[in-house]
Amino acid sequence: MNEFIKLLKKAPPTAIFGMVVITIYVIVAIFAPFVAPFSETEIVGDQFELWGDPYILGTDNLGRDMLSRLIFGARNTVGIALITTAFAFLVGCFFGLLAATLGGWVDQLLGRIVDVMMAIPTLVFALLLLTIFGTSVTTLVLVIGILYSTSVFRLARAVSMNVVVLDFVEVAKLRGEGLLYIIRHEILPNILPPLVAEFGLRFCFVFLFISALSFLGLGLQPPTADWGSMVRENATLITFGDITPLVPAAAIALLTVAVNFVVDWFLHLTSGLKD
Amino acid sequence: MHAILTMIIQRLGLGLITLIAVSFIMSVAIEFLPGDLAQEVLGQSATPETVAAFRAELGLDRAFHTRYFEWLGNVLTGDLGTSLANQREISELLGTRLYNTLFLASIAAAISVPIAITLGVLAALYRNSLYDRLVNIFTLSTISTPEFFVAYILILWFSVTVRIFPSISDIGPDLGFWEHVYRSMLPALTLTLVVIAHMMRMTRAAIINLLASPYIEMATLKGVPRRDVIIRHALPNALAPIINVVVLNLAYLIVGVVVVEVVFVYPGLGQLLVDSVSKRDMPVVQACCLVFAITYILLNLTADILSILSNPRLLHPR
């Protein structure tokens, strides 16, 4: 714990900024019902009311409180992006480690499948799949998770390739340990740092991707408060010089910048580079 | 020369195989269309007969392999089928849309590529200076922002505060070249801001990577000025990764325009795709995806071939 605090003290200002922002987002997301002045979907006033009392950021196109929706949006948008990223990592890491440990035709087969999947642009692939399966939260998580697991697969496979050939893995194999034991106890702990950094970066991509889909009206469906669709719903205000629709977009940007800063610092720490 | 030719043929073959795999995946995906789709598209008044006719039109009443080869044959002869939503020929629908999208992507590329490479070389030249750090922070922020955020900020500045450019790209068929450029300026600028960061960072990284190699040290030691070291000695060897990232970003420009096209109501392929997805107009979605996939694969192929040509050592992998 002490070492951790020492490490924090040495963190560059950008990383500290990032961590503070992420903490605030997490707190707001968890305690959304207590922080928000109004409910997520309740119509409380007229359409497009201006900033002021009692609606701090005004109201949206249906007369719902902007600030409250922004706060609940933290929960919905960030939450779904987190679940999706976690799912992508579960799938990608499992198959990546499997391919690296088993090698041979399993490796070849999985590698070729991933090659083909990566040859199709993610957005196009996602749109194709969403046309077919419809746009519920579950399909969203599954489709995007699987699409993003391809790059996780490549990374997990590449980094564990270097570990698989080491002596202690050989020893574990000779000892007669099972495949899952070798993956979990011998390989996984040794490839964790790059995977953690990748998690941060992938989270940003997934988060931006889901926001873009929601913005296109193909992601989270109304009346759920979600930052991407909030921009879309209130976009007409821009042409009147009102910046309200930019607030949720800025919330998206701020979080991704923050995560990027922290990941940069983390990569710097684990790469062993000294200034 | 012989080795290069074999390489190109090999890559083309690989691209073709990928393309066939892609078309196969798309056809398999259609197999999973939910049964109530016909109902949804045709509306409440659908009778069992119209539903059956609808399924016949999608080819869902035939075995998978017959349908797949039939579709493949039709596509190869240029027949992409008709739209479910308005019964128009898809090939007709795609033509102008594809042209518009390519037009937008070319403008964005013409602006972004020179700027990105210049900025990247400068950042490598003045590494760790204030300029380098500023560019770094700026690019990191543009990478992290959603495209629609950039787009709306540009609209706010250039078409609301100062009325220079239109916020909606009203592109008609008989528009002069410069008028077309003018009306697509804001979407092109948005795209530029989105792709420039990636290209610039890769250029910088590629050059800095090389700066540690012995021949650069040699050049420095014999007294070559730093600017010449970077432009004459490092840049030619850094070309392979730079070309690669430039072409990949061009691929992104063509495919990633979807969001930008929707913001500016630009009549391109991306907007057609999004419209068709929300209408669940399967044949159009399929055709759009195919066109996007072909472009993407072709550009990836070009990136591969160009980077090998610029660095003959890659011809002999060890």
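Letters A, B, ... mirror the listed sequences (proteins, then strands); counts begin at 1.
Ring planes of A:F215 and B:F148: parallel class, angle under 30° (limits at 30 and 60°).
Separating the CG atom in A:L123 from the SG atom in B:C289 is a distance of 9.0 Å, to the nearest 0.5 Å. To the nearest 0.5 angstrom, A:M117 atom CE is 14.0 Å from B:T18 atom OG1. In this structure, the separation between CD on B:E147 and CG on A:L208 is 8.5 Å, given to the nearest 0.5 Å. Taken from OG1 in B:T145 to CD1 in A:I252, the straight-line distance is 10.0 Å, to the nearest 0.5 Å.
For B:I153, the parts lying near chain A are the backbone and the side chain together; criterion is any non-hydrogen pair under 4.5 Å. Proximity to chain B is absent for every atom of A:F209, based on heavy atoms less than 4.5 angstrom apart.
Closest heavy-atom contact between A:L246 and B:L156: CD1-CD2, 3.9 Å.
In this structure, the side chains of A:L216 and B:V258 come closer than 4.5 Å at one or more pairs of heavy atoms.
The residue among A:V231, A:D115, A:L254 with the most heavy atom pairs within less than 4.5 Å of chain B is A:V231.
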Next item on the list: Start with the C-alpha distance between A:L127 and B:L273, add both sets of side-chain angles, then the distance that settles side-chain contact (heavy atoms from CB on, under 4.5 Å), and finish with yes or no.
Entry: CA-CA 8 Å; A:L127 288 180; B:L273 178 58; 3.4 Å; yes
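More than 12 heavy atoms of other shown residues, nucleotides or ligands fall within 6.0 angstrom of atom CZ in A:F87. The neighbour count for B:F24 CZ, taken as heavy atoms of other residues, nucleotides or ligands under 6.0 Å away, does not exceed 12.
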